[in-house]
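The next block holds one structure in the form of structure tokens; read it before the comments.
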Amino acid sequence: MRGRKFWRKISGAALIALAGSGQAALAQTPAGPEWWPSEWGPEDERGAANRITPQKVLEAVSLIEEGRIYELGREYEPSMPLFGNRHFSLTIPGLPTVETGGENGVVFNDELVSGELGQIGTQFDGLGHVGTAMDGDYVFYNGFRLSEFGTSYGLNRLGIEKVGVLFTRGVLVDVARYKGVERLDPSYVITIEDIEATLDMEGVEIGEGDAVFFHTGWGQLWNVDNEAYGASEPGPGITAIKWLADKNIVMTAADNFAMEASPGENPRRPLEGHQWLLSRGIYNLENVDLGELAADRVYEFAFIFAPMKLKGATGAPGNPIAVR
Ligand code: UVW
């Protein structure tokens with residue numbers, strides 16, 4: 001069932017791909033075979049968050065044995081690495097901002113925060129963040145077209161408020177440890193073989209509905225050498241990302257600025273991993289601090305994150321946690 005007018009707009013060239021068997025094949029797009037309608041129906045806006053069933057929550061709960069909480073969020077501060085021209089500032093006007101004049105002398109402070117809040121620091125990418133230019137428009141998760149859902153005051157579809165809460169099993173893939181290094185080389189492309197060997201070493205597997213974290217060691221550069229941090233990064237390449245997507249995970253994450261290797265396997269296809277995952281409903285979490293989890297060799301845990309409900313936003317800041 002396709003049911004929306006974008007289907008009629010797809011160019012003839014994109015529709016040519018038909019299997020010799022007589023079965024219709026998926027049309028090709030600049031980002032691979034068309035990815036809509038989603039398995040959760042043509043109107044769905046939550047994507048892989050739908051994979052977090054009550055059973056999956058209970059599976060995550062069963063991993064909590066010590067009650068130890070690991071904070072994965074970074075502090076938001078002007079000195080943190082910022083991608084491109086993104087910015088962050090926090091000011092407290094007044095000091096105190098308000099003096100009430102009450103006989104009890106009570107005063108209070110407020111802050112004024114400015115920045116691309118969903119896309120700076122520890123950031124959770126929503127399904128409205130990355131799309132694909134095609135057919136004279138920009139096509140996102142479930143085939144939603146930017147010309148139909150984008151407004152200057154926020155997205156009318158795929159806003160971050162639609163995600164709900166992520167409470168699921170987390171898996172840490174400590175590729176740095178597997179490779180025997182503190183930090184992977186700049187732009188190192190993590191392969192499927194690296195992931196399989198690392199999981200073998202750790203004695204865990206990736207399952208449906210999991211949140212998969214990559215420890216590359218790149219986070220050691222955070223606020224220490226911001227230039228190097230943002231110049232390139234190790235991470236999974238597009239081949240490994242497609243393999244992960246086929247495992248029906250909920251989210252990828254890493255201790256770097258964009259999760260995937262940069263530049264990746266094909267420098268002419270930037271951020272292809274983002275494009276592949278978000279188009280297919282799988283979320284992405286960036287700039288997380290995985291140092292303690294890696295040091296303690298915590299390879300599976302309960303992962304919990306409630307994205308701030310910034311209506312119509314492309315992403316959300318916050319302090320995701322791992323609990324074991
Ligand atoms: C990059 O910064 C490259 O990725 P994102 O837009 O998800 O932050």
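Remember, it's 1-based here, ligands and their atoms both numbered in the order they're listed.
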Legend entry - Partners meeting salt bridge (charged side-chain N to carboxylate O under 4.0 Å, His left out) with Arg324 (sequence neighbours left out): Glu66
Legend entry - For Glu292, salt bridge (charged side-chain N to carboxylate O under 4.0 Å, His left out) partners two or more places apart: Arg68
Legend entry - Atom indices of ligand 1, in the order listed, that fall short of 4.0 Å to a heavy atom of Gln119: 5 (P), 6 (O), 7 (O), 8 (O)
Inset, instruction - Test side-chain hydrogen bond (donor to acceptor under 3.5 Å, both in side chains) on Thr239 and Glu265 and set out the steps. - result: CA-CA 8 Å; Thr239 309; Glu265 283 166 35; 2.6 Å; yes
Inset, instruction - Indicate, as side chain, backbone, both or neither, the part of Met259 found under 4.0 angstrom from ligand 1 when only non-hydrogen atoms are considered. - result: neither
Inset, instruction - Is it possible for you to say whether Val204 and Leu290 belong to one hydrophobic cluster, with membership spreading through side-chain heavy-atom contacts below 4.5 Å? - result: yes
Inset, instruction - Fit a plane to each ring of Phe83 and Phe257, take the angle between them on a 0 to 90° scale, and name the class: parallel (under 30°), tilted (30 to 60°) or perpendicular (over 60°). - result: parallel
Inset, instruction - Taking only heavy atoms of Asp125 into account, list the atoms of ligand 1 that are under 4.0 Å away from them. - result: 7 (O)
Legend entry - atom 1 (C) of ligand 1 [closest protein heavy-atom partner, distance rounded to 0.1 Å]: Ala258 CB, 3.9 Å
Inset, instruction - For this output row, return yes or no: ring centroids of Tyr283 and Phe305 closer than 6.0 angstrom. - result: no
Inset, instruction - Of the side chain and backbone of Leu271, name the one, both, or neither that has a heavy atom under 4.0 Å from an atom of ligand 1. - result: side chain
Legend entry - For atom 2 (O) of ligand 1, the protein heavy atom that lies nearest, with its residue and separation: Phe83 CG, 3.3 Å
Legend entry - Atoms of ligand 1 close to His129 [distance to a heavy atom under 4.0 angstrom, numbered from 1]: 5 (P), 6 (O), 7 (O)
Legend entry - Within-cut-off N or O pair, His274 and ligand 1, under 3.5 Å: yes
